[in-house]
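To start, the structure itself, in structure tokens.
Per chain, numbering begins at 1; letters A, B, ... match sequence-line order.
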2 protein chains.
Amino acid sequence: MYAQASAKIELSSYVARQSPALVFDGATAQPVSFFPAGAEIYAQGEKAGVLYQVEFGAVRIYRLLADGRRQISAFHLAGETFGFEADTTHHFFAEAINATGVRVFRTPSGMDMSRQILPLALRGLTRAQEHLLVLGRQNAIERVAAFLVEMSERQGGLQQVELAMSRNDIGDYLGLTIETVSRVFTRLKEKGVIRLLSLRSIEILKRDTLLAMGE
Amino acid sequence: MYAQASAKIELSSYVARQSPALVFDGATAQPVSFFPAGAEIYAQGEKAGVLYQVEFGAVRIYRLLADGRRQISAFHLAGETFGFEADTTHHFFAEAINATGVRVFRTPSGMDMSRQILPLALRGLTRAQEHLLVLGRQNAIERVAAFLVEMSERQGGLQQVELAMSRNDIGDYLGLTIETVSRVFTRLKEKGVIRLLSLRSIEILKRDTLLAMGE
DNA sequence: CGATCAGTTGACCCAAATCAAGCTCCGTGG
DNA sequence: CCACGGAGCTTGATTTGGGTCAACTGATCG
């Protein structure tokens, strides 16, 4: 696990949205660690314990099958906390998507952090369960629509949405191939539902249509 | 929400496995409520608050799309606790699959149950995230294999597995149609991986094969 | 014993995967 | 400043796994 600052870190678009004052009572905060794009933050099977809070950038949480198929179970954006587990082992991988700053919290052994962690765990649980509906019962357009709505809402409901992740990541989050994701984006553009300002920057033109698609 | 004892309750196969001594400290336990097959325990949008512990029977947690598509996000068997939410509202439906007994725990307002609930929430989160991999990246055989392994392990790893739920429920849990579930069961029978003792009772003949399939 | 509901099986179809080119956007170095 | 190279993305042709539709079978229960 390495945490080196990459030569050049693009901050402009990754500034922590609401510099989150959430500092865990009793937990000792380490200085921010930097991870360059693609760097592993922790791996499945590693010992768990510390908590991570995204300062800027974005993180993907995922699992792999033996043959390399990947499922991203969650993205964590600026302000969000991750790294807690049911036992002392990590069950997933965590990687920086872009140049990412992460604040590490060590919880003194014997200290009970339940009160602080429970709401995070519950929100994660609800999100995961809602995502199950998307993966289990929605088609490609519905999945992408749900994804764009989710990203928009997590960025304050603005019509301009910044995607920190590649089409590949989106595919592995939505259970689709990169080609299908690309085709759906094209379809949504043709329908005038969205507009691409750049590859990773999307403007939502017809929010209602998108919402209706994501059901 | 009704909780009437059905005329005749089949207990024999639904006796609580390990009569779970888990009684929440400080929470006041109500007597066991009975729900006949198909009865609603709570609905999406209802006010949340109390916790439920399955005494016998089984419960399905699910969500619906506008057109009726259903995704079951979890099954809860004897001994398991459910009903906690991120806020004061239920985001899912909970229904008794069969005649089911549920112990209700009211938590006195002002009382902090974080310590007791967190491990439950974390295990639920891990399970949900693992299920995301199944729904996002596995094919029909792999899904059914993973399901049978999961059910077996949750019943103590015995080779004989009792399925509390219908093929329809299994389909809505695995993101498959009832026909596909049925066809996969047939294929697994033909391959000699499982044997049906009855429709809802399955014997695992080749555990290793099943494990390898579920990856 | 029918009646009914759950499950199985078969024929056909379609949405998304796969396979295969291209294209676009950048970063790098001449 | 432009040529080059490569990764990321798009588009098209084809295939296929699982969905849909439909008929049948088998269990369960008045």
Write down the distance between [atom1] ([X]) and [atom2] ([N]), rounded to a whole number of angstrom.
X        : N      : atom1 : atom2 : result
A:Arg167 : D:dA7  : CZ    : P     : 18 Å
A:Arg187 : C:dA15 : CZ    : C1'   : 10 Å
A:Asn139 : C:dC14 : CG    : P     : 15 Å
B:Ile178 : D:dG18 : CD1   : P     : 17 Å
A:Arg200 : D:dG8  : CZ    : C1'   : 8 Å
B:Ile170 : C:dG7  : CD1   : C1'   : 11 Å
B:Leu176 : C:dT8  : CG    : P     : 14 Å
A:Ile97  : D:dG8  : CD1   : P     : 13 Å

query = If you pin A:Thr180 and B:Val181 to their nearest nucleotides in DNA chain C, which one's is more 5'?
reply = B:Val181

key: Within 6.0 angstrom of B:Arg123 CZ, more than 12 heavy atoms from elsewhere   = no

task = Identify whether any heavy atom of B:Gly171 sits under 4.0 Å from a base atom; if not, whether one sits that close to sugar-phosphate; answer base, sugar-phosphate or nothing.
result = nothing

key: Side-chain-base donor-acceptor pair under 3.5 Å for B:Arg183 and D:dT20   = yes

query = Ignoring hydrogens and angles, are the base of D:dC9 and the side chain of A:Glu179 linked by a donor-acceptor pair under 3.5 Å?
reply = no

request  = Please find out if less than 6.0 Å separates the ring center of B:His76 from that of B:Tyr52.
outcome  = no

Near-ring test B:Tyr173/B:Phe75, centroid separation under 6.0 angstrom = yes

key: A:Ile170 CD1 to A:Ser182 OG distance, which is reported to the nearest 0.5 Å   = 10.0 Å

Does the side chain of [X] get closer than 4.0 angstrom to OP1 or OP2 of [N] through an N or O atom?
X        : N      : value
B:Thr186 : C:dT9  : yes
A:Ser198 : C:dC25 : no
A:Thr177 : C:dA17 : yes
A:Ser182 : D:dC9  : no

request  = Identify which one of A:Glu85, A:Gln44, A:Arg63 satisfies the side-chain hydrogen bond (donor to acceptor under 3.5 Å, both in side chains) criterion when paired with A:His91.
outcome  = A:Glu85

query = For DNA chain D, whose closest nucleotide is more 5', that of A:Arg137 or that of A:Lys189?
reply = A:Lys189

